[in-house]
Number of protein chains: 2
Amino acid sequence: MNDVRPIRAKSGTNHEGTSAHNRRVMIDALRVNGQLSRADLARATWLTKQTVSNIIEELERDGLVCSQEPVRKGRGQPSTPYRLVPEGAFAIGLQIDRHVTRAVAVDLIGSVLVRAEAGLPPGGPSTGTKVILDLVADVRSRLAGIVQQSEKRLVGLGAAMPGPFGVAGSGDDPWMMEAWQKFPLLDTLTAGTGLDVGLQNDAAAAATAERMVGAAHGLDHAVCLFVGYGIGAGLILNGELYCGANGNAGEIGMALLFADGKSTPLEHRASLASLYQHLSADPADPGLHARINDLASRGDQSIETWVEAAAADLRWSIHLIETVFDPETVILCGSAPEALVNRLIAAIGPLLPSIAERPGRMLPRLQPGMADPWSVAIGAAAGPISRAFDPRFAAILKDFL
Amino acid sequence: MNDVRPIRAKSGTNHEGTSAHNRRVMIDALRVNGQLSRADLARATWLTKQTVSNIIEELERDGLVCSQEPVRKGRGQPSTPYRLVPEGAFAIGLQIDRHVTRAVAVDLIGSVLVRAEAGLPPGGPSTGTKVILDLVADVRSRLAGIVQQSEKRLVGLGAAMPGPFGVAGSGDDPWMMEAWQKFPLLDTLTAGTGLDVGLQNDAAAAATAERMVGAAHGLDHAVCLFVGYGIGAGLILNGELYCGANGNAGEIGMALLFADGKSTPLEHRASLASLYQHLSADPADPGLHARINDLASRGDQSIETWVEAAAADLRWSIHLIETVFDPETVILCGSAPEALVNRLIAAIGPLLPSIAERPGRMLPRLQPGMADPWSVAIGAAAGPISRAFDPRFAAILKDFL
DNA sequence: GTAATAAGTCAAGACAATTGACTTAATAAG
DNA sequence: CTTATTAAGTCAATTGTCTTGACTTATTAC
């Protein structure tokens with residue numbers, strides 16, 4: 001008699017959802033356009049002048065926006081432009097990588113205020129958790145020393161680490177990433193910091209960073225091909241990060257390529273891991289990054305061999321991404337040394353023909369992303385900020401949070 | 001002095017957006033769950049009983065929902081379940097294929113009420129437009145003869161044809177599809193029918209159909225791998241059809257495969273077009289569909305050869321889809337004869353290992369979709385219905401329509 | 001100097017969800 | 001059989017947020 005099957009339905013919304021959405025739309029418009037007057041905002045958002053005025057007033061009270069000097073532009077009363085206040089909100093970003101962890105404090109417009117780094121001891125979560133929590137606490141206290149009311153304006157902690165999540169592991173894992181992937185990191189960080197914690201994979205974090213301050217700024221459809229120790233794609237679809245049903249969308253490094261009669265994951269052919277193997281280098285070596293940068297800029301032959309092979313695979317990956325996602329642009333980013341990235345981009349071109357070749361294109365098909373080893377940590381921090389301030393469907397719903 | 005760069009911003013929302021969203025949420029909940037009482041709806045949507053009552057009353061007045069017999073379930077006043085009224089809304093779906101065009105009239109729950117088919121004469125749009133408009137007019141008048149107020153309840157016309165759109169063509173195109181793809185079909189259909197017209201590629205239409213009445217019913221993350229004359233993927237992401245920046249997302253048939261030292265699009269290896277070529281058959285032959293079905297069910301050797309090769313490519317495609325989209329399930333659909341689809345599905349298994357292999361999976365990784373040659377036309381009709389009644393971010397915004 | 005134009009405010013109004021008390025109708029318990 | 005309990009659903013008043021239209025202010029064009 002009683003129905004066991006649970007009812008599946010989407011959440012409704014109400015006035016608060018409306019208001020929250022409109023606030024986010026204002027913030028987004030200011031982020032993308034730099035500065036706008038109330039009248040500009042009203043025209044751009046289809047809201048009335050009065051509504052915009054009310055919301056801007058509220059945002060100003062909350063310390064998220066501030067006015068600039070009025071500007072005269074032709075007839076009529078001069079307009080007062082508004083812009084985002086960087087110190088209106090902060091977030092902490094945390095990158096957990098194989099042998100290192102990094103934490104940053106980032107403000108509303110994506111500027112990095114504090115950086116901290118620590119080596120991750122072998123042993124995975126059992127020994128690493130303390131290192132991480134200490135690092136976060138360090139960043140947090142240093143932030144408090146730099147800006148006013150940092151704790152009150154801290155919207156959350158974003159963590160980023162290599163994916164995939166929740167999948168049966170492969171077994172060969174010298175860096176304990178599998179242990180980290182299975183570890184209840186979210187709960188541990190929430191309990192250890194008292195903050196609102198989010199988790200994404202490193203490619204997604206890189207994409208979030210590119211959208212906030214990089215090449216994907218203001219774009220609604222962009223894919224970041226992330227070449228790091230592994231390979232992944234961070235997907236910006238319809239203006240939001242897309243994570244798939246289980247948070248693993250974009251794990252393109254696990255795509256199998258068939259060549260010479262055997263199948264190999266892309267990740268084993270074109271990632272930094274494959275380069276390290278090619279060079280018989282130790283990934284834990286702290287000087288490796290600089291050495292590879294040096295070799296790449298000198299056009300070293302052993303690097304070149306790898307670059308040629310990797311570029312072919314990446315060229316194909318970009319073609320595939322264009323074909324299945326139809327983005328406005330593809331952004332090549334990662335934790336590789338800058339000289340290597342430049343060599344790779346040069347070697348990748350010309351791109352394979354694809355549906356991205358269309359008349360009237362405005363953006364390049366392929367663009368370089370941030371060449372900053374900290375970009376994943378920055379993107380991790382951008383996660384909570386985006387969640388708190390960007391317009392998104394989920395944020396209008398009553399079941400949001 | 002004057003700013004040439006246009007202001008980019010997302011649209012705000014207001015009460016109407018809220019109300020429209022909540023109406024859509026109700027309809028969606030009833031579609032997914034079959035029937036629900038007002039109290040059920042209130043719990044599932046996080047809205048109050050009163051709000052749900054008001055909206056349901058309005059939907060009932062509009063003829064979109066109706067009440068069922070009250071049911072007693074334990075203590076308390078019996079609940080009155082509501083369900084969707086199929087004849088509450090209709091849409092016309094139009095499939096434009098290489099040598100045939102089909103039109104259907106579909107109701108709110110996806111039932112087909114009228115079907116019509118016509119051959120497309122050679123010559124592309126210049127001669128085909130009249131055939132198509134006549135076909136639509138025929139379906140429309142027959143619909144008017146079957147149900148009351150069909151014109152008033154007609155929400156739009158959806159068209160589906162092979163993609164991609166807006167891309168420089170390949171040249172070798174015996175079926176004039178390139179001419180169709182460049183033709184201003186939307187304007188022509190709007191002018192010729194006076195209806196609200198939408199356009200999508202055939203894979204997207206198939207996915208829309210699967211979501212309304214097929215294997216993707218109620219799923220928010222599903223990919224339909226469509227094997228027809230070409231190959232494409234219809235993407236259901238976050239509960240909505242994803243089209244990409246230019247409406248070409250999912251055109252996986254154009255993905256290049258590298259084998260034997262040369263690159264070939266997937267479409268040239270595993271589509272029906274490749275089968276026709278393999279069999280030296282004429283695609284315009286009206287008896288071909290039945291003949292292939294017959295051959296496939298008898299295990300004919302020439303078919304088997306193709307099936308084995310195609311299955312290998314499709315197995316890889318499914319693996320790739322799982323890897324980049326992380327869907328809840330992949331649905332294999334298309335316009336292939338049923339016996340061939342069954343042979344293909346059998347030959348595809350077992351699937352390649354991927355991130356889709358996770359503990360606690362509920363749905364099969366691969367499911368067969370509708371084996372109906374009309375499914376693309378049905379999906380085309382499902383487009384306008386989805387646009388009018390499904391919850392979606394765009395529908396709350398002031399710039400919707 | 002005056003008209004035109006544009007930014008922005010004020011106060012009243014409209015719309016849609018919320019709230020809390022109430023009614024209705026069933027089962028469970030004594 | 002009577003009464004308490006539970007759940008569905010309604011009523012009327014309230015609240016929150018956007019909209020409307022008139023108004024004020026500040027500037028340029030003629």
Side-chain angles (χ1 to χ4, degrees), chain A residues 1-3 7 11-26 35-61 65 67-82 395-400, chain B residues 1-3 7 11-26 35-61 65 67-82 395-400:
Chain A
M1 194 105 229
N2 61 330
D3 203 341
I7 297 172
S11 164
T13 186
N14 60 10
H15 303 128
E16 287 179 44
T18 304
S19 167
H21 171 74
N22 288 342
R23 277 178 61 118
R24 286 166 182 257
V25 166
M26 300 290 157
Q35 56 177 52
L36 294 172
S37 68
R38 302 183 185 200
D40 288 334
L41 282 164
R43 277 187 295 266
T45 61
W46 298 56
L47 292 167
T48 60
K49 284 187 295 181
Q50 187 57 58
T51 300
V52 170
S53 260
N54 295 339
I55 295 176
I56 287 293
E57 190 183 0
E58 190 189 319
L59 291 174
E60 193 166 22
R61 247 200 335 271
V65 308
S67 58
Q68 309 273 88
E69 278 305 292
V71 293
R72 289 188 293 273
K73 38 183 178 183
R75 232 176 237 191
Q77 179 171 332
S79 64
T80 309
Y82 284 78
I396 71 160
L397 306 180
K398 297 187 75 177
D399 66 357
F400 184 66
Chain B
M1 192 107 232
N2 62 331
D3 203 342
I7 297 172
S11 164
T13 185
N14 59 10
H15 303 127
E16 285 177 45
T18 305
S19 167
H21 172 73
N22 288 342
R23 276 177 63 117
R24 285 165 183 259
V25 165
M26 301 288 157
Q35 55 176 53
L36 294 172
S37 69
R38 302 182 184 201
D40 287 335
L41 282 164
R43 278 186 296 265
T45 61
W46 297 58
L47 292 166
T48 60
K49 284 187 296 182
Q50 187 57 58
T51 300
V52 170
S53 260
N54 294 340
I55 295 175
I56 287 293
E57 190 183 0
E58 189 189 320
L59 291 174
E60 193 166 20
R61 245 197 340 268
V65 309
S67 58
Q68 311 272 88
E69 277 305 292
V71 293
R72 289 187 293 272
K73 38 182 175 182
R75 235 176 233 191
Q77 179 172 333
S79 65
T80 309
Y82 284 78
I396 71 159
L397 305 180
K398 295 186 77 179
D399 65 357
F400 184 66

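Sequence lines set the chain letters: A, B, ... in the order given, protein chains first and strands last, and positions in each chain run from 1. Every value quoted in this text rests on a predicted model; they were computed, and no experiment measured them.
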Checklist entry - What does nucleotides 17-30 of chain D look like as a protein-contact string, B for base, S for sugar-phosphate only, - for none, at under 4.0 angstrom between heavy atoms? => result BBBB----BBBBS-
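In this entry the distance linking CG of A:Leu41 with P of C:dA6 reads 18 Å, nearest Å. Counting to the nearest Å, the C1' atom of C:dC10 and the CD atom of A:Glu57 are 12 Å from each other. To the nearest angstrom, P of D:dA8 lies 15 Å from CD1 of B:Ile56. One interatomic measurement links the two molecules: CD of A:Glu58 to P of C:dT9, which rounds to 15 Å at whole-angstrom precision. Summarising the geometry, the separation between CG on A:Leu36 and C1' on C:dA6 is reported as 16 Å, rounded to the nearest angstrom. In this entry the distance linking CD of B:Gln68 with P of D:dG9 reads 13 Å, nearest Å.
In terms of phosphate contacts, B:Arg38 brings no side-chain nitrogen or oxygen within less than 4.0 Å of OP1 or OP2 of D:dA7. In terms of phosphate contacts, A:Ser79 brings no side-chain nitrogen or oxygen within less than 4.0 Å of OP1 or OP2 of C:dA6. Phosphate contact (OP1/OP2 of D:dA8, side-chain N/O of B:Ser37, threshold under 4.0 Å): absent.
Other residues, nucleotides and ligands contribute over 12 non-hydrogen atoms within 6.0 Å of the CD atom of B:Glu60.
Remark: C:dG30 base-pairs with D:dC1. Criterion, Watson-Crick or G-U wobble with two distances under 3.5 Å.
Of the N and O atoms on the side chains of B:Asp40 and B:Ser37, at least one donor lies less than 3.5 Å from an acceptor on the other residue.
Legend: residues meeting side chain to side chain donor-acceptor pair (under 3.5 Å) with A:Ser53, ordered by chain and number and at least two apart, are A:Arg38.
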Next on the checklist: Test side chain to side chain donor-acceptor pair (under 3.5 Å) on B:Glu58 and B:Asn54; report intermediate values, then the result.
Outcome noted: CA-CA 6 Å; B:Glu58 189 189 320; B:Asn54 294 340; over 6 Å; no
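Panel note: side chain A:Ser19, backbone A:His15; no donor-acceptor pair is recorded below 3.5 Å.
Contacts of B:Arg23 with the nucleic acid, taken as non-hydrogen atoms under 4.0 Å apart, are absent.
In this structure, the side chains of B:Leu59 and B:Met26 come closer than 4.5 Å at one or more pairs of heavy atoms.
Atom CG of B:Leu397 and atom NE2 of A:His21 lie 5.0 Å apart (nearest 0.5 Å).
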